[in-house]
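A quick write-up on the structure given underneath.
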Amino acid sequence: MEGLKVSDADMEVYLHPSKSKKVSQAILRELSSLLFKFNEIFEGVLLAYDVNILDKNGKILFGIHPYFGVKLKAKLLLFSPKPNMLVEGKVVRLTQASIHVIVLGFSSAIITDQDIREEFNYTTKYGEEVFASRSHKRHVIKVGTMIRFLVKSFDEEILHISGSLIPAHTGSIRWLDKKSKNVCLADSSTTKRREVEGKSEMQDNETVGAAVSSVSNDHQIKKSKKRRFAEDH
């Protein structure tokens, strides 16, 4: 899925002197407070981290509150969706005018009817609201469906995405992946058929060439025999 990235960061965490005996725990607590929030420094929402503390003996900052700084290296998993990126999420609610989605379990998204391509028709099947494709009867979007959609905008403050299902390569992930697999199999079958046809044509050409060569040799042998017969008489 697009919008996810891993970033290496050199950081310095400032801790209160009362935390000096439990530096590791204090650092993890500070980093945990940043989870699932958009951070302008990281340019994304922090989803996970892996920390390597370089030196637990931090440098004391003098002042009214003498905090001490601890340097560390961290590997950060960030979510930073940009317009025109493809992201994936689970449908949690459907109405005739919109599709509501949860991305990565924390970010909400909405796709309004004006951003749902005309191929999809809102209807009710077996008492369940769905958006069903008019072109492909097995392409159905309902509550619980994992979908792939295009990002139109991302509100960093409330972590809300405005999405679109206008592009043809968006919709139910299961259906899209199955379609892609079928296309790959068809392409592979076509390639193999062409290879077989090419080999068959080469073999036919070799057979014809061998036959011509054989006829030519027989003709030369006959001419040689006639020449010897004429010389003897």
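Only heavy atoms go into these numbers, but all of them, side chains included; no hydrogens, no water, no symmetry mates.
Proximity of I110 to H160: side-chain heavy atoms (C-beta onward) are separated by under 4.5 Å at one or more points. Using a 4.5 Å cut-off on side-chain heavy atoms (C-beta onward), L78 and V45 make no contact. Side chains of V87 and V101 form no contact here, defined as non-hydrogen atoms less than 4.5 Å apart. For the pair L15 and E30, the minimum side-chain heavy-atom distance is below 4.5 Å. Looking only at side-chain heavy atoms (C-beta outward), L4 and L47 come within less than 4.5 Å of each other. In this structure the side chain of H139 reaches within 4.5 angstrom of the side chain of E119, judged on heavy atoms. Using a 4.5 Å cut-off on side-chain heavy atoms (C-beta onward), I166 and L150 make no contact. In this structure, the side chains of V151 and E2 stay at 4.5 Å or more apart for every pair of heavy atoms.
Side chain of S107 to main chain of L159: a donor-acceptor pair is present (N/O by atom type, distance under 3.5 Å, no hydrogens or angles). Although no hydrogens or angles enter the test, the distance criterion places a donor-acceptor pair under 3.5 Å between the side chain of S32 and the main chain of L28. A distance-only check finds a donor-acceptor pair linking the side chain of S133 to the backbone of S135 [under 3.5 Å]. With hydrogens and angles ignored, the 3.5 Å screen pairs no side-chain donor or acceptor of S98 with any backbone N or O of T95.
Taking the six-membered ring for Trp and thresholds of 30 and 60 degrees, F79 and F106 have ring planes more than 60 degrees apart, a perpendicular arrangement.
Rounding to the nearest 0.5 Å places OG of S180 at 12.5 Å from CD1 of I173. With values rounded to the nearest 0.5 angstrom, I53 atom CD1 is found 6.5 Å from L72 atom CG. Taken to the nearest 0.5 Å, the CD1 atom of I141 stands 13.5 Å off from the OH atom of Y122. Here the CG-CZ distance, from D115 to F149, works out to 11.0 Å after rounding to the nearest 0.5 Å. H100 NE2 to T112 OG1: the interatomic distance, rounded to the nearest 0.5 Å, is 9.5 Å.
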Under the side-chain contact (heavy atoms from CB on, under 4.5 Å) criterion, do T145 and K142 qualify, and how do the steps go? CA-CA 6 Å; T145 300; K142 57 185 179 180; 3.4 Å; yes

Walk me through whether F131 and V91 qualify under side-chain contact (heavy atoms from CB on, under 4.5 Å). CA-CA 11 Å; F131 274 94; V91 176; over 6 Å; no

Go through the steps to decide whether K71 and D10 satisfy the test side-chain contact (heavy atoms from CB on, under 4.5 Å), and finish with yes or no. CA-CA 7 Å; K71 292 185 177 181; D10 294 317; over 6 Å; no

Using side-chain contact (heavy atoms from CB on, under 4.5 Å), reason through L104 and F36 one step at a time and then give a plain yes or no. CA-CA 10 Å; L104 296 174; F36 304 110; over 6 Å; no

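Counting all heavy atoms, side chain and backbone alike, M85 lies closest to S80 at SD-O, 3.9 Å. Scanning both residues, H136 and W175, for their nearest heavy atoms gives CG-CZ2, 3.3 Å. Shown here for D113 and Q96, the closest heavy-atom pair between the two residues is CB-O, 4.3 Å. Across all non-hydrogen atoms, the minimal contact from A74 to M11 is CB-SD, 3.8 Å. The minimum heavy-atom distance between I161 and V103, with the atom names listed, is CD1-CG2, 4.2 Å. Scanning all heavy atoms of the two residues, the minimum distance from T170 to L176 falls at C-CD1, 3.6 Å.
Each of L77, L76, L34 was evaluated against Y49; a single residue qualifies, L76, per the side chain to side chain contact (heavy atoms under 4.5 Å, CB included) test.
Using modelled atom types and a 3.5 Å distance limit, the side chains of R138 and S172 yield no donor-acceptor pair.
Between E88 and R148, at least one side-chain nitrogen of the basic residue sits less than 4.0 Å from a carboxylate oxygen of the acidic one, meeting the salt-bridge criterion.
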